[in-house]
Undergrad: 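Quick one: this structure, given as structure tokens, is what I'll be asking you about.
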There are 2 protein chains.
Amino acid sequence: MAKTASKSRPSARAVDTRRALTDAAKEILRFEGFSAATARNIAARAGCNQGLVFYHFGSVMNLLLAALDDVSSERRERYSAALAEVRRPSDLVELAARIFQEDLDNGDAALLVEMIAGASSTPGLGTEVMARVAPWTDFAENALKSVVDDSPMAAIVPPGEIAHAIVALYLGLELLSHLDGDRQAALGIFKRASQLASFADLIIGSPPALEDEGKDQP
Amino acid sequence: MAKTASKSRPSARAVDTRRALTDAAKEILRFEGFSAATARNIAARAGCNQGLVFYHFGSVMNLLLAALDDVSSERRERYSAALAEVRRPSDLVELAARIFQEDLDNGDAALLVEMIAGASSTPGLGTEVMARVAPWTDFAENALKSVVDDSPMAAIVPPGEIAHAIVALYLGLELLSHLDGDRQAALGIFKRASQLASFADLIIGSPPALEDEGKDQP
DNA sequence: GTCTATACTTGGATAGAC
DNA sequence: GTCTATCCAAGTATAGAC
């Protein structure tokens, strides 16, 4: 019932404040974790008053979800264009590696993990987070389908199942690399995956370029 | 410096209390998550006074680490015997599937994930948790080595790297299945892995029984 | 819309009676 | 060793001045 100040379009200053708060929330989640994401802590980093969290978002939980929404749409914009360029399995693995490395470096992966793990502690947060993670899994699934299509591979490698595993691997690698501060171990996994993807290219019979689907494999 | 009441061996009652507290801590971490693991909350579930957390463990953080230690050694006992029986890759995958399913059901996986993710919020907790996670990765690595040994597989599949990926997958699957309450998706991954493991059996030339290493592959 | 001030709750931690 | 009582810091959330 009733967000905040009904409908009159928000002033520029209000937009700035909301933005400062969501940005601060992101940083706290990334660097200090879920249980440090308090109204006071976030407002302090945003350089504004603690009460504004409740004025603009109603509750800390809503602010955290707004921050997650923010990250999700940023990511969506960044990567859905890249997905359109993917043709061969090795393209896909390369894209996955790029996504993972970027998310690892800028802290988006950490943020997501904190929200998922933190959801256990706050009743009602779980379903909200779930709704925001589903698109990520769907993204991975669509990516796989676009590459595996109806090739013989789809039988041994059901895209839905693999997508689930990829996302899980992504989250788990983030957990571990965040814990021991070692990016390299995680990145090594994707390096290895790139090698294996070359095999998959052969099995599927990689189309050499974008508009050449009339041709058959050699 | 100085744990608690120096050295005289603790009374039976004290042992009971410590145990009640670690047990309660485990349950809170499993079912309510890291940021619900407070001294008051834990003591309430243990049926004793909040002050006893500090008398016996000095701080909440120490209690949580004691709980994690507890789980780690339980697991160690349960699974290291089983590892000795592993010969073929498919044995290993079967063991991994069993471990994962049990940890998923009894909440050990959830507990570990909460501790890792929660470590971001508490300075100093990270290194302590890391020290307790390392044995799990080592376990996976040794398991892989015992099966892959110096077969041709070790070249394409470096045990250390794969062990890291397996543990990451384990943690990530827990995160996802805890979030959406769906065990099946996670268990399906291991089902699929079992199928693939049969191939690996062939490549390595599985020894048919325990004491038959004199024989060569057919 | 933003700030100050405040009410109220919960959490970590200690002192002292038993 | 355990409990009661208590201190103090930090949390959510709201009211009211500006």
Side-chain angles (χ1 to χ4, degrees), chain A residues 1-25 28-29 32-67 114 118 121-125, chain B residues 1-25 28-29 32-67 114 118 121-125:
Chain A
M1 44 302 256
K3 211 32 247 313
T4 41
S6 54
K7 43 180 54 191
S8 56
R9 71 137 165 57
S11 73
R13 193 176 175 194
V15 174
D16 284 353
T17 301
R18 281 185 67 99
R19 170 112 206 194
L21 283 172
T22 49
D23 283 351
I28 301 282
L29 284 170
E32 300 179 42
F34 181 83
S35 63
T38 68
R40 284 177 146 89
N41 202 5
I42 295 169
R45 187 176 287 234
C48 72
N49 189 270
Q50 166 257 146
L52 292 178
V53 167
F54 304 97
Y55 175 79
H56 284 290
F57 298 93
S59 71
V60 176
M61 176 180 132
N62 284 343
L63 168 55
L64 298 183
L65 287 173
E114 286 297 322
S121 316
T122 310
L125 187 52
Chain B
M1 39 305 260
K3 211 29 250 312
T4 42
S6 54
K7 42 181 54 196
S8 56
R9 72 134 165 60
S11 73
R13 192 176 175 195
V15 173
D16 285 353
T17 301
R18 281 186 67 99
R19 169 112 208 193
L21 283 172
T22 49
D23 284 351
I28 301 282
L29 283 170
E32 300 178 42
F34 180 84
S35 62
T38 68
R40 288 176 145 90
N41 201 7
I42 294 169
R45 189 178 284 235
C48 73
N49 189 272
Q50 167 255 144
L52 291 179
V53 166
F54 304 96
Y55 176 80
H56 285 289
F57 298 92
S59 71
V60 175
M61 175 180 133
N62 284 343
L63 169 55
L64 298 183
L65 287 172
E114 286 297 322
S121 317
T122 311
L125 187 53

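Computed from a predicted structure; not experimentally measured.
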Undergrad: Distance-only check: which donor-acceptor pairs under 3.5 Å involve side-chain atoms of residues 40-49 of chain B, not counting sequence neighbours?
TA:
from: N41(B); atom 1: ND2; to: E32(B); atom 2: OE1; distance (Å): 3.1
from: N41(B); atom 1: ND2; to: A36(B); atom 2: O; distance (Å): 2.8
from: R45(B); atom 1: NH1; to: E27(B); atom 2: OE1; distance (Å): 3.1
from: R45(B); atom 1: NH2; to: E32(B); atom 2: OE2; distance (Å): 3.0
from: N49(B); atom 1: OD1; to: G51(B); atom 2: N; distance (Å): 2.7

Undergrad: Could you list the residues that satisfy side-chain hydrogen bond (donor to acceptor under 3.5 Å, both in side chains) with S121(B), not counting sequence neighbours?
TA: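 S121(B) satisfies side-chain hydrogen bond (donor to acceptor under 3.5 Å, both in side chains) with S35(A) once adjacent residues are dropped.
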Undergrad: Can you build the contact string for nucleotides 2-18 of chain C? Use B for base contact, S for sugar-phosphate-only contact, and - for no protein heavy atom under 4.0 Å.
TA: BSB------BBBB----
Undergrad: Can you name the salt bridge (Lys or Arg N to Asp or Glu O under 4.0 Å) partners of D23(B), sequence neighbours left out?
TA: R19(B), K26(B)
Undergrad: Can you measure from OG1 (T17(A)) to NE2 (H56(A)) and round to the nearest 0.5 angstrom?
TA: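 So the gap between those two atoms works out to 4.5 Å.
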Undergrad: Distance check, rounded to the nearest 0.5 Å: F57(B) atom CZ versus L63(B) atom CG?
TA: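 Going from the CZ atom of F57(B) to the CG atom of L63(B) covers 5.0 Å.
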Undergrad: Just how far, in rounded Å, is C1' of dG11(D) from CG of L63(A)?
TA: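 Rounding to the nearest Å, CG of L63(A) and C1' of dG11(D) are 15 Å apart.
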